[in-house]
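Heads up: the structure comes next, in structure tokens.
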Amino acid sequence: MAPSTTTDPFPGWDGTLAGARRLQAGLAARVSLEDGFHAPLRTVAGFDVGFEEHGAVTRAAVVMLDARTLQPLESHVARIPTRMPYVPGLLSFRELPALLEALAMLQHPPDLAVIDGHGIAHPRGLGIAAHFGVATGLPSLGVGKSVLVGQHLEPGPERGDRCPLLHQGRQIGWVLRSKPRCRPLIVSPGHRVCLDSAAALVPGWLAGYRLPEPTRLADRLASRRDHRRPARPPGG
DNA sequence: GCGACAG
DNA sequence: ATCTTGTCGC
């Protein structure tokens, strides 16, 4: 991929936590909630982060998939020194640099990026998936495993059942049942993806597991579980 | 002041 | 996130 398709993800950041929150507020104004991709998607890339050396090394994984068949086309792992601790609400300041390294390893950019974490379902509207989108210009959406902010009702028991995730009087995402008897996923737009599209796209990437394929495969690469444990077949 | 708090 | 095997329930 072109070496400099990504802009500085933290422009003007003074390194402080207060400065990080101010920067988020400013970057959030650049998020577009209108679809900025052409359907049908041809490629989708999943991203996730893991750690090594007791947290000293951040490990980001990317898996490029054929959006129609869900077959993996290409995958990479980027490893860089960890620079920040985990602070709720500031996840992107810890994990985004590694994700951008992984993105740069791809031969071509994906039509859309799926990131493990939240998009606009964030206190200041700039979760890691939204931050990734603004920094790269790529359409993106977040798939989280638990709520950071917002309220919601319990979605129905069937795959595809969903409820709006609301925060301060407006919808910021969806609570989606991706698999029966499993905790629902939190899906939210990152950048250049609208709420309805976020809800419509994810079910198309499900293959019998709780996590959609892009994120599930990236998760396995990021957290070495594939080197220690075999995969179990889908279904019941 | 107290509790909550993506990964 | 990470340390970690078997186990209970659908």
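So you know, we letter chains A, B, ... as the sequences are listed, proteins then strands, and number each from 1. Since we're looking at a predicted model, the values are computed, not measured. Only this structure's heavy atoms are used, side chains among them; waters, hydrogens and symmetry mates stay out.
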[X] [atom1] to [N] [atom2]: how many Å, rounded?
{"X": "A:Arg183", "N": "B:dA6", "atom1": "CZ", "atom2": "C1'", "value": "11 Å"}
{"X": "A:Leu99", "N": "B:dG7", "atom1": "CG", "atom2": "C1'", "value": "11 Å"}
{"X": "A:Leu90", "N": "B:dA6", "atom1": "CG", "atom2": "P", "value": "12 Å"}
{"X": "A:Gln24", "N": "B:dA6", "atom1": "CD", "atom2": "P", "value": "14 Å"}
{"X": "A:Gln151", "N": "B:dC5", "atom1": "CD", "atom2": "C1'", "value": "14 Å"}
{"X": "A:Phe51", "N": "C:dA1", "atom1": "CZ", "atom2": "C1'", "value": "6 Å"}
{"X": "A:Leu211", "N": "B:dA6", "atom1": "CG", "atom2": "P", "value": "16 Å"}
{"X": "A:Glu53", "N": "C:dC3", "atom1": "CD", "atom2": "P", "value": "11 Å"}

Quick one: pull up [atom1] in [X] and [atom2] in [Y] and give me the separation to the nearest 0.5 Å.
{"X": "A:Arg177", "Y": "A:Asp161", "atom1": "CZ", "atom2": "CG", "value": "7.5 Å"}
{"X": "A:Tyr209", "Y": "A:Leu217", "atom1": "OH", "atom2": "CG", "value": "9.0 Å"}
{"X": "A:Leu99", "Y": "A:Thr58", "atom1": "CG", "atom2": "OG1", "value": "9.5 Å"}
{"X": "A:Glu213", "Y": "A:Gln71", "atom1": "CD", "atom2": "CD", "value": "8.5 Å"}

When you compare the side chain of [Y] with that of [X], does any pair of heavy atoms fall below 4.5 Å?
{"X": "A:Leu91", "Y": "A:Tyr86", "answer": "yes"}
{"X": "A:Arg192", "Y": "A:Glu34", "answer": "no"}
{"X": "A:Thr43", "Y": "A:Asp66", "answer": "no"}
{"X": "A:Asp8", "Y": "A:Pro11", "answer": "yes"}

Among the nucleotides B:dC5, C:dT2, B:dG7, which one has an atom lying closest to any side-chain atom of A:Leu148?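 Selected nucleotide (nearest to the side chain): B:dC5.
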
Between A:His191 (side chain) and A:Val31 (backbone), is there a donor-acceptor pair under 3.5 Å?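 Absent.
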
Given 3.5 Å as the limit, does a donor-acceptor pair link the side chain of A:Ser223 with the main chain of A:Asp219, or not?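 At least one qualifying donor-acceptor pair exists.
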
Take N1-N3 plus N6-O4 or O6-N4 for Watson-Crick, N1-O2 plus O6-N3 for G-U, both under 3.5 Å. Which runs of 3 or more such pairs involve DNA chain C?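 Correct response: none, since no qualifying run exists.
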
Identify every side-chain donor-acceptor pair in residues 115-137 of chain A under 3.5 Å, counting partners at least two apart or on other chains, and give the distances.
from	atom 1	to	atom 2	distance (Å)
A:Asp116	OD1	A:Lys145	NZ	3.0
A:Asp116	OD2	A:Lys145	NZ	2.9
A:His118	NE2	A:Ser146	O	2.8
A:His122	ND1	A:Arg124	N	2.9
A:His122	ND1	A:Gly125	N	3.4
A:His122	ND1	A:Leu126	N	3.3
A:His122	NE2	A:Gly89	O	2.8
A:Arg124	NE	A:Gln24	OE1	2.6
A:Arg124	NH2	A:Gln24	OE1	2.8
A:His131	ND1	A:Ser92	OG	2.8
A:His131	NE2	A:Pro9	O	2.7
A:Thr136	OG1	A:Phe132	O	2.8
A:Thr136	OG1	A:Leu138	N	3.1

At 4.0 Å (heavy atoms only), tell me whether [X] reaches a base, stays on the sugar-phosphate, or touches nothing.
{"X": "A:His54", "answer": "nothing"}
{"X": "A:Tyr86", "answer": "base"}
{"X": "A:Ile186", "answer": "nothing"}
{"X": "A:Gly142", "answer": "nothing"}
{"X": "A:Val147", "answer": "sugar-phosphate"}
{"X": "A:Gly127", "answer": "base"}

Hey, what are the protein-to-nucleotides 1-3 of chain B N/O distances that come in under 3.5 Å?
none

According to a 4.5 Å side-chain heavy-atom criterion applied to Ile, Leu, Val, Met, Phe, Trp and Tyr, with indirect links allowed, do A:Met1 and A:Met64 form part of one hydrophobic cluster?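 Same cluster: A:Met1 reaches A:Met64 through Ile, Leu, Val, Met, Phe, Trp or Tyr contacts under 4.5 Å.
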
Does a side-chain N or O of A:Ser146 approach OP1 or OP2 of B:dC5 to a distance below 4.0 Å, or not?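 So the side-chain polar atoms of A:Ser146 never come under 4.0 Å of the phosphate oxygens OP1 or OP2 of B:dC5.
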
OP1 or OP2 of B:dA6 under 4.0 Å from side-chain N/O of A:Lys145: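 So the side-chain polar atoms of A:Lys145 never come under 4.0 Å of the phosphate oxygens OP1 or OP2 of B:dA6.
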
What stems involve DNA chain B, if each pair must be Watson-Crick or G-U and both of its distances must be under 3.5 Å, with 3 or more such pairs in a row?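 Stem list for DNA chain B: none, no run of 3+ pairs.
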
As a quick check of understanding, evaluate salt bridge (Lys or Arg N to Asp or Glu O under 4.0 Å) for A:Arg22 and A:Asp14, giving each step before the final call. CA-CA 10 Å; A:Arg22 283 195 298 273; A:Asp14 62 9; 3.3 Å; yes

Can you give the donor-acceptor pairs under 3.5 Å from side chains of residues 163-176 of chain A to other protein atoms, not counting sequence neighbours?
from	atom 1	to	atom 2	distance (Å)
A:Gln171	NE2	A:Gly173	O	2.9
A:Trp174	NE1	A:Leu195	O	2.9

Taking side-chain contact (heavy atoms from CB on, under 4.5 Å) as the criterion, tell me which of A:Leu106, A:Val114, A:Leu112 meets it with A:Pro110.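 Per the side-chain contact (heavy atoms from CB on, under 4.5 Å) rule, the option paired with A:Pro110 is A:Leu106, out of A:Leu106, A:Val114, A:Leu112.
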
When you compare the protein's N or O atoms with those of nucleotides 7-10 of chain C, which come within less than 3.5 Å of each other, and at what distance?
none

